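Report on one structure; see the data block that follows.
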Protein chains: 2
Amino acid sequence: MSEQNKIPQATAKRLPLYYRFINNLHIQGKLRVSSKELSEAVKVDSATIRRDFSYFGALGKKGYGYNVEYLLEFFRKTLDQDEKTPVALIGVGNLGTAFLNYNFTKNNNTKIEMAFDADPNKVGTEIGGVPIYHIDELEQKLSEVQAAILTVPLAEAQNITERLIKSGVTGILNFTPARITVPEGVRVHHIDLSVELQSLVYFMKHYPLDTDEEA
Amino acid sequence: MSEQNKIPQATAKRLPLYYRFINNLHIQGKLRVSSKELSEAVKVDSATIRRDFSYFGALGKKGYGYNVEYLLEFFRKTLDQDEKTPVALIGVGNLGTAFLNYNFTKNNNTKIEMAFDADPNKVGTEIGGVPIYHIDELEQKLSEVQAAILTVPLAEAQNITERLIKSGVTGILNFTPARITVPEGVRVHHIDLSVELQSLVYFMKHYPLDTDEEA
DNA sequence: ACATCTTTGTGACAATTTTCACGACATAAG
DNA sequence: CTTATGTCGTGAAAATTGTCACAAAGATGT
Ligand SMILES: NC(=O)c1ccc[n+]([C@@H]2O[C@H](COP(=O)([O-])OP(=O)(O)OC[C@H]3O[C@@H](n4cnc5c(N)ncnc54)[C@H](O)[C@@H]3O)[C@@H](O)[C@H]2O)c1
Ligand SMILES: NC(=O)c1ccc[n+]([C@@H]2O[C@H](COP(=O)([O-])OP(=O)(O)OC[C@H]3O[C@@H](n4cnc5c(N)ncnc54)[C@H](O)[C@@H]3O)[C@@H](O)[C@H]2O)c1
């Protein structure tokens, strides 16, 4: 399952982005695409795109570009788009509710299968077709789920994290400001919206000529 | 205003994070802190922290560490925590509503001053104390505002972006999947939640031993 | 068939970022 | 005063990431 040929992390982070735009091209009926065109669409230098693709071998044809259908098929396999990864969401508050209402499933190999909250008014209801269980049932319900979205209050973050890991979760998308502690082998991506906003303002003031920056 | 001594971008992105944790320490009444302690709290290598701080001169004392109050004061000035930057939010849907309900102002030099939407049912109301105007009033109301949070549907993103820039906005926090095109001098940070989730899953499967990763 | 045009894949290089490791100084204790 | 311990700031090295620029391969047009 896990490749031994190590793709650079920076490349790996761009793959889902490439996938989405290639999929768009396919839907639009385009048959081929050059690294230059793709570059304008995703705002990544064309040389970087060619380099990224080249880690997977020769996907294109010189003088022609890339065949959209072939590329799409390739990325579908590489990103495991066929098997849906079940995801749990913990904390159905402002943010959590927004995510449940959003259809992450479109164009995506992930699906939020269940949500948990401590509020008895929320437990037993559904949002966006996702059932909400009581947090006490976490260990019991989380059997197949390996990935979790964490949108609980700051004070609960570490505690819930430990329960998630005990239940077999190996990946967490953490929206709380807490920098949670996890054992080796558990992957955490922090998305810290306050930091993002402050960081944007800092760059606006101190780097006035630059333009684009991945979050 | 803008420094000529260039702080590395990677460092600049960590500054708001440092600021928040130093502030926490101050609230807890701690008088001093070492790079090692801070490292455990923010999950950044201690050498990296020392290096980051050193771009601003010698903030610490050898054999002692950093004085929390001094550090806090220093970061407050560096991150312009005194002057609040006004921000506008465009698109009061699922995500936009969550952001309006969240108090970004806490511990933060930014404040969402106004919001815009096309839906007449939302126009004229308030969420979290923030007034919602009609999108037609954008140009008229946006006089002081230089930063915007974009949470409109994909199809509207580029169009609204252009109107924002015409109105003087120089920084955009973009939550739509569109990679918007902007002229030089306008800063865009993309936060692409579908990509983040797919990327997490990819890393879980292909880099099973790594642990932590900034979004 | 041939000349011309396109675009890939990549060696070489440049830039950025992280990490190592140690001298220098601070503090505390005896 | 001396020693033991702790911690910074930083030169140097390593690791990672991005970019340039071009030969090679194939596409296109006449
Ligand atoms: N809303 C935003 O725009 C925003 C922005 C930045 C960061 N955040 C962070 O995201 C997190 C969630 O924010 P929010 O605005 O949605 O908060 P919220 O208070 O609206 O939602 C938190 C939810 O978690 C539930 N909860 C509380 N304790 C729980 C527990 N032990 N187990 C399960 N559920 C529990 C609550 O019932 C509530 O529904 C917070 O950590 C916040 O700091 C939110
Ligand atoms: N909700 C999520 O969890 C989520 C996740 C990933 C990405 N996104 C992206 O974030 C964006 C917003 O998502 P959402 O779920 O909040 O969508 P939404 O449909 O709930 O909200 C969009 C809002 O924008 C308003 N709007 C439409 N046209 C407008 C215009 N021309 N000017 C001003 N306002 C206008 C609508 O009235 C609506 O209130 C979308 O681009 C979506 O792809 C959302």
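Just the heavy atoms: all of them, side chains too, but no hydrogens, waters or symmetry mates, feed the values below. A, B, ... follow the sequence lines: proteins, then strands. Residue 1 opens every chain. Small disclaimer: the values here were computed from a predicted structure and weren't measured.
- For A:Thr170, there are no side chain to side chain donor-acceptor pair (under 3.5 Å) partners, not counting sequence neighbours.
- As rounded to whole Å, 22 Å separates atom P of D:dT5 from atom NZ of B:Lys61.
- The nearest whole Å value for the distance from the CZ atom in B:Phe56 to the P atom in D:dC8 is 17 Å.
- B:Leu59 places its CG atom 6 Å from the P atom of D:dG9, with the value rounded to the nearest Å.
- In this structure, CZ of B:Arg50 is placed 14 Å from P of D:dG11, rounded to the nearest angstrom.
- Taking atom CZ of B:Arg51 as the reference point, atom C1' of D:dT7 lies 15 Å away to the nearest angstrom.
- Residue pairs that meet the side chain to side chain donor-acceptor pair (under 3.5 Å) test with at least one member in residues 150-159 of chain B, sequence neighbours left out, are B:Gln158-B:Glu162.
- Dashed line: the shortest gap from a side-chain N or O of A:Thr11 to OP1 or OP2 of D:dT17 is not under 4.0 Å.
- Of all the residues in residues 62-78 of chain A, A:Lys62, A:Gly63, A:Tyr64 reach under 4.0 Å from DNA chain D with at least one non-hydrogen atom.
- A:Ile49 places its CD1 atom 11 Å from the P atom of D:dT19, with the value rounded to the nearest Å.
- Between chain A and DNA chain C, the heavy-atom contact criterion of under 4.0 Å yields a 5' to 3' nucleotide range of C:dT6 to C:dA12.
- At a cut-off of 3.5 Å, with distance as the only test, a side-chain donor of B:Tyr18 or B:Asp52 sits close to an acceptor on the other residue.
- Using modelled atom types and a 3.5 Å distance limit, the side chains of B:Thr85 and B:Asn109 yield no donor-acceptor pair.
- A perpendicular orientation is assigned to the rings of B:Phe53 and B:Tyr66, their planes being inclined by more than 60° (bins at 30° and 60°).
- For the pair B:Tyr55 OH and D:dT10 P, the computed distance is 11 Å after rounding to whole Å.
- Contacts with DNA chain D (heavy atom under 4.0 Å) in residues 24-35 of chain B: B:Ser34, B:Ser35, listed by number.
- Between the side chains of B:Thr181 and A:Lys43, at least one donor N or O sits under 3.5 Å from an acceptor N or O.
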Return a table of donor-acceptor pairs under 3.5 angstrom between the side chains of residues 71-80 of chain A and protein atoms on other chains or two or more places apart.
unit_1: A:Glu73; atom_1: OE1; unit_2: A:Arg76; atom_2: NE; d: 3.3
unit_1: A:Thr78; atom_1: OG1; unit_2: A:Phe74; atom_2: O; d: 2.9

